[in-house]
Amino acid sequence: MRVPTAVGFLAVCTALAGCGTVVTSNGPGGDPAGAAVVAPASANPGDASVTVGADGASGPLTPLTRRASGSVTLRLFTTPSSTASSCAGSGCLPSPCPTTQQLVTELSTPAMVAILNSSVIAPPGTPLALLETLPATGGTAPTTVGTPEASPVQVVAVRAADGVARVTMTTADGSDEAAPVQNLVTLAVPGTSMTGQLVAYDSSNHPLATVPLPAPFTAETPACHVPPTVTAPPPGLQQTMPAPGPQPTDPATATQGVEAAYHTAFTAVSGQPPYASLDGVQDGQDLHGALDQLRRNFATAAATASVVVGRVVFTSPTTATAQFTLSYQDGLPYGTHIGDAVLESGHWLVARDTYCAVLAFGGATCPPG
């Protein structure tokens with residue numbers, strides 16, 4: 001995904017101690033129209049001046065925070081965004097991921113300076129939203145800067161949910177940590193390794209969420225991009241119950257079948273086979289890897305999960321919509337939401353899209369299906 005108003009820029013200072021007053025750099029593809037004019041980091045700590053070309057977002061920069069992480073100095077700013085939404089893809093639901101703000105990160109080492117722009121999105125129910133940073137390394141975080149100067153740094157910009165007191169980033173080359181300011185934080189680790197993890201902690205130092213790296217930008221995940229076939233909302237997105245359609249021959253028995261499917265899929269049972277819960281999920285045989293990923297991210301939550309099924313509405317004799325409430329330990333609350341169920345081969349199953357939306361809340365991604 002590329003949002004026109006979220007253009008990123010890279011300004012390079014090749015001399016270790018002799019940068020001029022102004023550093024200029026061409027924009028993506030070498031187009032001078034996308035050039036940035038940057039006041040050097042040493043000129044006025046905590047301040048910067050950015051002028052963006054025709055395709056960029058321009059506006060006043062409001063200082064957010066300034067800190068050092070080893071050899072890396074980071075200055076964060078916010079600026080208004082003219083982008084109505086930064087959702088991705090033709091099946092996008094705009095409501096989970098609108099943006100009215102840009103996060104601008106000025107990052108410097110003794111060898112280079114980089115400026116990264118990120119559209120700030122905050123899909124409900126997402127503990128850590130990985131913000132797309134431009135210029136980006138493909139469609140995943142972290143973003144690598146400083147490679148031409150032989151001073152590579154891995155960078156991740158994050159919008160943290162309320163209740164997140166600290167975020168850490170660890171790779172094979174080192175680690176960084178910081179407290180979000182106005183829910184925003186940028187983490188940077190010098191080195192070439194993109195493999196590692198992000199962890200969010202609450203004020204009591206309890207882990208709330210873990211995201212293995214590299215990871216897709218949140219704008220590219222089901223939290224912001226729902227294919228047209230998906231009928232369940234992303235995690236945290238409420239929707240109203242549908243009107244009833246043609247009913248099953250025995251609605252009471254069918255209701256029990258829907259409830260049983262949800263209990264099988266979302267209730268942890270000690271000692272059961274590792275993938276027994278997927279017996280209650282449509283295409284469950286294809287989702288072993290996604291369930292493994294969830295368990296790696298939130299072992300305690302996965303082992304203590306339970307569900308309460310509320311109202312069930314049949315939209316046809318073979319499809320249903322149900323209210324359900326998930327509970328577990330050591331994780332941000334999921335709350336009550338609405339999902340789907342399907343009748344296949346005489347058995348009611350939690351719809352694949354609903355199950356995958358729940359897993360996405362825990363940072364797990366289902367394979368295409």
Side-chain angles (χ1 to χ4, degrees), residues 89-93 95-96 123-126 221-268 275-294 302 305-328 334-369:
S90 59
C92 175
L93 293 180
S95 57
T126 305
T221 70
C224 283
H225 180 179
V226 181
T229 56
V230 173
T231 56
L237 178 64
Q238 295 283 357
Q239 72 177 28
T240 58
M241 294 290 284
Q247 297 295 289
T249 302
D250 186 348
T253 300
T255 298
Q256 293 175 359
V258 172
E259 293 173 344
Y262 271 79
H263 282 286
T264 298
F266 296 121
T267 300
Y275 304 111
S277 61
L278 295 176
D279 291 343
V281 181
Q282 183 185 31
D283 298 333
Q285 69 279 2
D286 299 330
L287 305 179
H288 290 194
L291 180 56
D292 289 340
Q293 186 180 3
L294 176 71
S306 62
V307 67
V308 174
V309 181
R311 184 184 173 204
V312 176
V313 172
F314 292 96
T315 53
S316 79
T318 59
T319 57
T321 299
Q323 293 176 324
F324 66 102
T325 304
L326 291 179
S327 300
Y328 40 77
Y334 187 77
T336 300
H337 298 291
I338 297 170
D340 294 319
V342 295
L343 182 66
E344 292 187 353
S345 302
H347 298 282
W348 283 98
L349 304 170
V350 175
R352 177 193 178 110
D353 298 326
T354 295
Y355 186 79
C356 291
V358 173
L359 264 60
F361 183 76
T365 304
C366 291

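A quick note: this is a predicted structure, and the numbers were derived from the prediction, not measured.
- Looking at Glu344, its side chain never comes within 3.5 Å of a backbone N or O of Gln282 through a donor-acceptor pair.
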Please walk me through it: do Leu326 and Val358 pass side chain to side chain contact (heavy atoms under 4.5 Å, CB included)?
CA-CA 9 Å; Leu326 291 179; Val358 173; 3.5 Å; yes

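- Evaluation of the side-chain hydrogen bond (donor to acceptor under 3.5 Å, both in side chains) rule for Ser345 yields no partner, not counting sequence neighbours.
- Under a cut-off of 6.0 angstrom, the local environment of NE2 in His347 is sparse, with at most 12 non-hydrogen atoms contributed by other residues, nucleotides or ligands.
- One distance of note links CZ of Phe266 with OG of Ser277; it measures 9.0 Å at 0.5 Å rounding.
- Side-chain contact between Tyr328 and Val307 is absent, with no heavy-atom pair separated by less than 4.5 Å.
- Between Ser306 and Thr267, the shortest heavy-atom distance links the atoms CA-OG1, 4.0 Å.
- Legend: residues meeting side-chain hydrogen bond (donor to acceptor under 3.5 Å, both in side chains) with Thr325, ordered by chain and number and at least two apart, are Thr336.
- Listed here is the closest heavy atom pair of Gln247 and Phe314: NE2-O, 3.1 Å.
- For Asp286, there are no side-chain hydrogen bond (donor to acceptor under 3.5 Å, both in side chains) partners, not counting sequence neighbours.
- Taking OG1 from Thr253 and CH2 from Trp348, the interatomic distance works out to 11.5 Å, rounded to the nearest 0.5 Å.
- Listed here is the closest heavy atom pair of Phe324 and Ile338: CE2-C, 3.7 Å.
- Taken to the nearest 0.5 Å, the CG atom of Leu287 stands 5.0 Å off from the SG atom of Cys356.
- Atoms CG and CG, from Leu278 and Leu349 in turn, are 11.0 Å apart once rounded to the nearest 0.5 Å.
- Donor-acceptor pairing under 3.5 Å is recorded for the side chains of Asp340 and Thr321.
- Taking CG of Leu343 as the reference point, atom OG of Ser316 lies at 8.5 Å (rounded to 0.5 Å).
- A donor-acceptor pair is defined here as one N or O able to donate and one able to accept, closer than 3.5 Å; such a pair exists between the side chain of Thr264 and the backbone of Ala260.
- In this view, Ala302 and Arg295 satisfy the side chain to side chain contact (heavy atoms under 4.5 Å, CB included) rule, not counting sequence neighbours.
- Applying the side-chain hydrogen bond (donor to acceptor under 3.5 Å, both in side chains) criterion to Thr315, with sequence neighbours excluded, gives Thr319.
- Across every non-hydrogen atom of Val350 and Ala265, the tightest pair is CG2-CB, 3.8 Å.
- No option in Leu294, Thr365, Thr354 other than Leu294 meets the side-chain contact (heavy atoms from CB on, under 4.5 Å) test with Leu359.
- Checked against side chain to side chain contact (heavy atoms under 4.5 Å, CB included), Ala322 has the following partners two or more places apart in sequence or in another chain: Val258, Tyr262, Val309, Val312.
- Between the side chain of Gln323 and the backbone N or O of His337, no donor-acceptor pair lies under 3.5 Å.
- Here the CG atom belonging to Asp279 is positioned 10.0 Å from the CD atom belonging to Gln285, to the nearest 0.5 angstrom.
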